[in-house]
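Report on one structure; see the data block that follows.
Each chain gets a letter, A, B and so on, in the order the sequences are listed, and its residues count up from 1.
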2 protein chains.
Amino acid sequence: MTSSTIDRILDAAEVEFAAHGFVETSLRTITSKAKVNLAAVNYHFGSKKGLIQAVTDRFLGPLTQNLQAQLSAYEQSSHKSTIGEQELQALFGILARSCQQVAQQNQHSLAVFARLINMAYSQSQGHLRKHLTYQYGSSFLYFMKLLRQHMPVMNNEQFFWRFHYLLGTLVFALSSSESLVAICEREYEVSRNLDQIMSDLVLVMARAAQAPITGEYK
Amino acid sequence: MTSSTIDRILDAAEVEFAAHGFVETSLRTITSKAKVNLAAVNYHFGSKKGLIQAVTDRFLGPLTQNLQAQLSAYEQSSHKSTIGEQELQALFGILARSCQQVAQQNQHSLAVFARLINMAYSQSQGHLRKHLTYQYGSSFLYFMKLLRQHMPVMNNEQFFWRFHYLLGTLVFALSSSESLVAICEREYEVSRNLDQIMSDLVLVMARAAQAPITGEYK
DNA sequence: GTTAGTTTTAAACACATGTTTTAAACAAAT
DNA sequence: ATTTGTTTAAAACATGTGTTTAAAACTAAC
């Protein structure tokens with residue numbers, strides 16, 4: 001049980017970071033929730049930054065691996081030159097399913113992970129952004145490449161923006177899903193789970209991807 | 001020039017908060033950038049929380065006022081029972097134009113403001129969220145009500161979720177617009193301004209609002 | 001010119017943070 | 001049983017934080 005300390009730290013850090021952000025979570029609350037000595041973090045991870053990167057790596061590693069596999073299987077199967085909403089739904093569906101599978105396999109909450117990603121972008125944490133793009137940039141680009149084939153109407157720059165709009169939709173929705181679920185249960189007495197939210201998001205993203213590319217709203 | 005101190009503090013706090021978040025920005029950096037004594041913040045705003053609320057109020061006050069006016073003008077004009085993409089575009093366009101107008105009138109950057117809103121939701125800051133819903137909740141609901149009339153296919157709960165997806169798209173895209181613009185200029189040698197981004201976002205949101213409401217992505 | 005109220009200033013306070021240090025406890029191999 | 005390397009433990013360190021205090025400077029009215 002020598003490395004149980006490391007896992008306990010990672011488990012505690014994950015939920016605390018997701019709940020209160022990286023900066024607002026102190027090492028002391030993490031180590032106390034993990035029932036571990038304060039110095040253990042610096043001993044095993046070097047620094048708080050090291051811990052933050054380790055927490056994200058533990059999820060993003062399996063995720064990108066899973067995603068890569070499913071994407072290349074999809075690429076070699078069919079749908080190659082087809083254009084349409086169904087193919088877009090399929091691609092976003094692969095992304096959604098990858099997230100859910102990895103979350104389920106590793107006993108993690110998808111909402112927690114989405115909040116982590118959101119934190120990585122909304123809080124400054126320059127080191128994290130660099131680490132993520134360096135480590136997982138290629139998987140990112142692979143997904144973009146496949147998606148690009150089903151959005152041939154627009155040029156590269158227009159696609160770039162459209163892609164990030166959709167990414168924002170996904171991240172923001174997932175990361176605020178827990179509080180939205182709570183509001184929704186209180187307000188409409190209907191409870192939603194992440195599966196339903198994901199299904200809905202896939203449809204929304206696939207439709208949004210096909211919005212016209214020019215025009216003025218004035 | 002007695003209240004110039006207050007304005008200088010607000011100006012400095014606004015850009016620092018947007019750039020580095022509420023927690024990672026210290027009162028000392030704010031007061032030094034504002035060329036004001038450290039104690040001035042506690043004297044004029046009571047506390048750091050008070051300053052945070054004042055910063056958001058300075059933008060959200062004029063914004064909701066502007067938005068309310070334009071919305072009621074729109075409501076009394078026409079389009080009342082019509083359904084379609086054009087009406088959705090019109091409503092989102094009103095929201096977009098309100099944001100831009102207020103930003104321009106008060107010499108503020110829209111991206112800075114969007115980042116503030118994003119911070120208010122992604123960082124814990126429970127006091128801010130309470131303050132915002134208490135102060136500006138009605139304007140929020142008014143916009144929702146009008147939008148609801150043009151999305152009659154879905155029930156209230158489905159609309160609730162769809163609405164927040166779109167909101168996430170807007171906030172996330174605007175708040176990360178500055179870094180995306182930079183990447184885009186380096187990568188594609190094309191520069192976009194916020195007007196173009198807003199136009200595009202309006203089209204995307206109007207299209208996404210019409211996505212089908214049920215179905216599985218598996 | 002004096003006074004009363006407001007604003008600014010410099011210093012100190014109380015506290016929480018990440019990190020380091022030093023020694024103790026432990027594990028496994030010789 | 002001793003030794004070696006690794007992990008844990010408690011304490012201290014250095015620093016940055018929001019806030020408060022008390023005096024000084026300023027403003028405006030009488």
Side-chain angles (χ1 to χ4, degrees), chain A residues 1-58 116 119-120 123-131, chain B residues 1-58 116 119-120 123-131:
Chain A
M1 287 275 165
T2 163
S3 78
S4 160
T5 302
I6 294 181
D7 289 334
R8 287 219 304 282
I9 292 177
L10 287 174
D11 288 338
E14 186 176 79
V15 316
E16 289 302 312
F17 282 154
H20 307 113
F22 298 121
V23 207
E24 289 175 277
T25 307
S26 73
L27 294 184
R28 280 172 175 83
T29 58
I30 291 175
T31 51
S32 88
K33 298 236 174 193
K35 292 188 170 120
V36 153
N37 187 273
L38 167 64
V41 169
N42 289 283
Y43 177 75
H44 286 290
F45 301 98
S47 64
K48 188 180 182 181
K49 286 184 183 179
L51 174 60
I52 292 175
Q53 295 183 6
V55 167
T56 59
D57 282 341
R58 190 166 62 145
L116 281 181
M119 300 282 175
Q123 312 204 204
S124 55
Q125 299 295 343
H127 72 99
L128 222 194
R129 226 167 3 215
K130 276 175 196 164
H131 175 70
Chain B
M1 287 280 163
T2 163
S3 78
S4 159
T5 301
I6 294 181
D7 289 333
R8 287 220 303 281
I9 292 177
L10 287 174
D11 289 337
E14 187 175 79
V15 316
E16 289 302 312
F17 282 153
H20 308 112
F22 297 122
V23 205
E24 289 176 276
T25 307
S26 72
L27 294 185
R28 281 172 175 82
T29 59
I30 291 175
T31 51
S32 87
K33 296 235 176 196
K35 291 188 169 121
V36 154
N37 187 275
L38 167 63
V41 168
N42 289 282
Y43 178 75
H44 286 289
F45 300 98
S47 64
K48 189 182 182 180
K49 286 184 182 178
L51 174 61
I52 291 175
Q53 294 185 7
V55 167
T56 59
D57 282 341
R58 190 166 63 143
L116 282 180
M119 300 281 176
Q123 312 203 206
S124 56
Q125 299 295 341
H127 71 99
L128 221 194
R129 231 175 350 225
K130 277 176 195 161
H131 175 71

Rounding to an integer number of Å, can you tell me how far [X] [atom1] sits from [N] [atom2]?
{"X": "B/His20", "N": "D/dT17", "atom1": "NE2", "atom2": "P", "value": "12 Å"}
{"X": "B/Ile9", "N": "C/dT9", "atom1": "CD1", "atom2": "P", "value": "10 Å"}
{"X": "A/Lys48", "N": "C/dT20", "atom1": "NZ", "atom2": "C1'", "value": "17 Å"}
{"X": "A/Ile52", "N": "C/dT17", "atom1": "CD1", "atom2": "C1'", "value": "14 Å"}
{"X": "B/Lys49", "N": "D/dT17", "atom1": "NZ", "atom2": "P", "value": "18 Å"}
{"X": "A/Glu16", "N": "C/dG18", "atom1": "CD", "atom2": "P", "value": "12 Å"}
{"X": "A/Leu27", "N": "C/dG18", "atom1": "CG", "atom2": "C1'", "value": "6 Å"}
{"X": "A/Asn37", "N": "D/dA12", "atom1": "CG", "atom2": "P", "value": "14 Å"}

task: Classify the nucleic acid contact of A/Thr25 as base, sugar-phosphate or nothing, counting any heavy atom under 4.0 Å across all strands shown.
output: sugar-phosphate
- prompt: With respect to the phosphate group of C/dA16, does any side-chain polar atom (N or O) of A/Ser26 fall under 4.0 Å of OP1 or OP2?
  reply: no
- request: Kindly say if B/His44 contacts the phosphate of C/dT8, meaning a side-chain N or O under 4.0 Å from OP1 or OP2.
  value: yes
Any idea which heavy atoms bring [X] and [Y] closest together, and the distance?
{"X": "B/Phe22", "Y": "B/Lys48", "value": "O-NZ, 3.0 Å"}
{"X": "B/Leu116", "Y": "B/Glu14", "value": "CD1-CG, 4.1 Å"}
{"X": "B/Arg58", "Y": "B/Asp7", "value": "NH1-O, 4.5 Å"}

Under 3.5 Å donor-acceptor, B/Thr29 side chain and B/Thr25 backbone: no
Do any N or O atoms of the protein come closer than 3.5 Å to N or O atoms of nucleotides 20-28 of chain D, and which pairs are they?
none

Name each donor-acceptor pair under 3.5 Å that joins a side chain in residues 34-42 of chain B to protein atoms two or more places apart or in another chain, with its distance.
from	atom 1	to	atom 2	distance (Å)
B/Asn37	OD1	B/Ala39	N	2.9

task: Scan side-chain atoms only and decide if A/Arg28 and A/Ser32 contain a donor-acceptor pair under the 3.5 Å cut-off.
output: no
task: Apply the test side chain to side chain contact (heavy atoms under 4.5 Å, CB included) to residues B/Ile52 and B/Phe45: give CA-CA distance (whole Å), side-chain angles for both, the deciding distance (0.1 Å), then the verdict.
output: CA-CA 9 Å; B/Ile52 291 175; B/Phe45 300 98; over 6 Å; no
task: Mark yes or no for a side-chain to base donor-acceptor pair under 3.5 Å between B/Arg28 and D/dG16, with no hydrogen or angle criteria applied.
output: no
